[in-house]
There are 2 protein chains.
Amino acid sequence: MILKKTFKPTGEDITSLALTSETLTGRSGFLLNKAAAKVRDHYDEALTTLGMNARHAGILTILDEKGVLSQNELGKCAYIDRTTIVALIDDLERLGLVERKEHPTDRRSHAIYMTEKGRGFMPQIVKKAKEVEKEFLGPLTASEQKNLLQLLRKLVFHHYSMPKETR
Amino acid sequence: MILKKTFKPTGEDITSLALTSETLTGRSGFLLNKAAAKVRDHYDEALTTLGMNARHAGILTILDEKGVLSQNELGKCAYIDRTTIVALIDDLERLGLVERKEHPTDRRSHAIYMTEKGRGFMPQIVKKAKEVEKEFLGPLTASEQKNLLQLLRKLVFHHYSMPKETR
DNA sequence: GGCTGATAATCAGTAGTACTGATTATCAGC
DNA sequence: GCTGATAATCAGTACTACTGATTATCAGCC
């Protein structure tokens, strides 16, 4: 192998490769990480013109969907750590897309509101998301795409609803 | 929403959620990244007793499968950047699992050999991988698992075979 | 009214991932 | 023997994601 000039990292015929944990390409761990890195690149690239990245867009999407939330609630929805979300909200506030306001009933919390400007960004964000999804999932048929999303969702919801210790 | 005491980040009935890019949980970007983070956690935790992480195990798996490779070839097989693989090989060499030797025909290259000790680790690595895969993919049926792996593989192979500029 | 354990946001520090760009050595073609 | 390409390496950068500590506040209980 090492002597070959025209080295090919992977064979052409995907379907001939074994779906077993004995090979790297048969492990969900490998495939998920590589797929995730790639789709994140796509998102970050698409959103850079809006001055944000995929996680910022995710937070705005949650806010748009669920209305006003505390930081904590927001973090839980996006499965983002409580300490990580602070800087993300900072960024979005700096961009004028959200505002930290006083929480009506709990003075420990912040109520995160989307601003008018933030709301105005949503159509663009959704448009970008649709473009990225279309391009990234392009190699799959429509039903395969749907299938993939459903399977992933099942996995994600299962593993993120487990208690912390067993995660 | 912000006033509710018993806040639930996600509804229970997954199947009722829309599979559309307008919601975060309808985007492959979100789902892939969360699933990837989780499965990586599982792998890292399972492999920590062997003194390595998921990427080390991945490299050993490639070597086991393909035999002696140069660092570059190894990187291409594992889709790991040329600059990133250096430290990973360092780690594995320090653990005594691989060795950098002189390349037979190209003195720029290193030939990476698995040591006897490294070969001896493979059954444990495969065992751990199988356990992780079984547990992580547990929420899915056997045919769903197979399906998921095939869809992911199609995506990964497609996107990583593109020329750099359009990736 | 005041104590106590829990919770919300924040920050400092740490670790891991992944890359760009530069450097050195070597190769391969002309 | 010159020239452009390639292999490994390193320094530096940026981003992700966490632990643990801190401060403020809440909620239940005596």
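Numbered from 1 within each chain, the chains take letters A, B, ... in sequence-line order. No hydrogens, no waters, no symmetry mates; every other heavy atom, side chains included, goes into these values.
- Across C:dT20, C:dC11, C:dT26, the shortest atom-to-atom separation from the side chain of B:Asp106 is found for C:dT26.
- Using Watson-Crick or G-U wobble geometry with both donor-acceptor distances under 3.5 Å, D:dC15 finds its partner in C:dG16.
- A 3.5 Å limit on both hydrogen-bonding distances identifies D:dA8 as the Watson-Crick or G-U partner of C:dT23.
- In this structure, the NE2 atom of A:His56 is 15 Å from the P atom of D:dA14, given to the nearest Å.
- If you check every strand for non-hydrogen atoms under 4.0 Å, A:Arg82 touches a base.
- A distance-only check finds a donor-acceptor pair linking the side chain of A:Glu144 to the backbone of A:Thr141 [under 3.5 Å].
- With C:dT10, C:dA18, D:dA7 as the candidates, the nucleotide lying closest to the side chain of B:Asn72 is D:dA7.
- The nucleotide C:dA28 finds its pairing partner in D:dT3, both defining distances of the Watson-Crick or G-U wobble pair being shorter than 3.5 Å.
- Put simply, CG on A:Asp91 is 14 Å from P on D:dA17, counting in whole angstrom units.
- Checking D:dA17, C:dT10, C:dA18 against every side-chain atom of A:Thr84, the shortest atom distance belongs to D:dA17.
- Looking at A:Glu45, its side chain never comes within 3.5 Å of a backbone N or O of A:His42 through a donor-acceptor pair.
- Which of C:dC19, D:dA17, C:dA9 sits closest to the side chain of B:Asp81 comes down to C:dC19.
- Residue whose closest nucleotide on DNA chain C sits further toward the 5' end, between A:Ile89 and B:Leu88: A:Ile89.
- One interatomic measurement links the two molecules: OH of B:Tyr79 to C1' of C:dT17, which rounds to 19 Å at whole-angstrom precision.
- Residue A:Arg100 has a polar side-chain atom (N or O) positioned under 4.0 Å from OP1 or OP2 of C:dT10.
- One finds a side-chain N or O of B:Asn53 lying less than 4.0 angstrom from the OP1 or OP2 phosphate oxygen of C:dT17.
- Residues B:Phe136 and B:Tyr43 keep their aromatic ring centres 6.0 Å or farther apart.
- With salt bridges taken as basic N to acidic carboxylate O contacts below 4.0 Å, one links B:Glu116 and B:Arg119.
- Straight-line distance from the CG atom of B:Asp44 to the P atom of C:dT14: 21 Å, rounded to whole Å.
- B:His103 has its NE2 atom 10 Å from the P atom of D:dA7, to the nearest Å.
- Of the residues near DNA chain C, A:Lys34 and A:Ser109, the one whose nearest nucleotide (by heavy atom distance) lies more toward the 5' end is A:Ser109.
- As a whole-Å value, the separation of B:Leu47 CG from C:dG16 P is 14 Å.
- Look at B:Arg108 and you won't find any side-chain N or O under 4.0 angstrom from OP1 or OP2 of C:dA25.
- At distances below 3.5 Å, not a single donor-acceptor pair connects side-chain atoms of A:His56 with backbone N or O atoms of A:Asp91.
- In terms of position along DNA chain D, the nucleotide closest to A:Ile80 lies nearer the 5' end than the nucleotide closest to the other residue of the pair A:Ile80 and A:Arg107.
- A:Arg27 places a side-chain N or O within donor-acceptor distance of the main-chain N or O of A:Ser21, the cut-off being under 3.5 Å.
- When the P atom of D:dA17 is taken as reference, atom NZ of B:Lys38 falls 11 Å away, rounded to whole Å.
- The side chain of A:His110 contributes an N or O atom lying less than 4.0 Å from OP1 or OP2 of C:dT10.
- Between the OH atom of B:Tyr160 and the C1' atom of C:dA18 there is a distance of 10 Å, given to the nearest Å.
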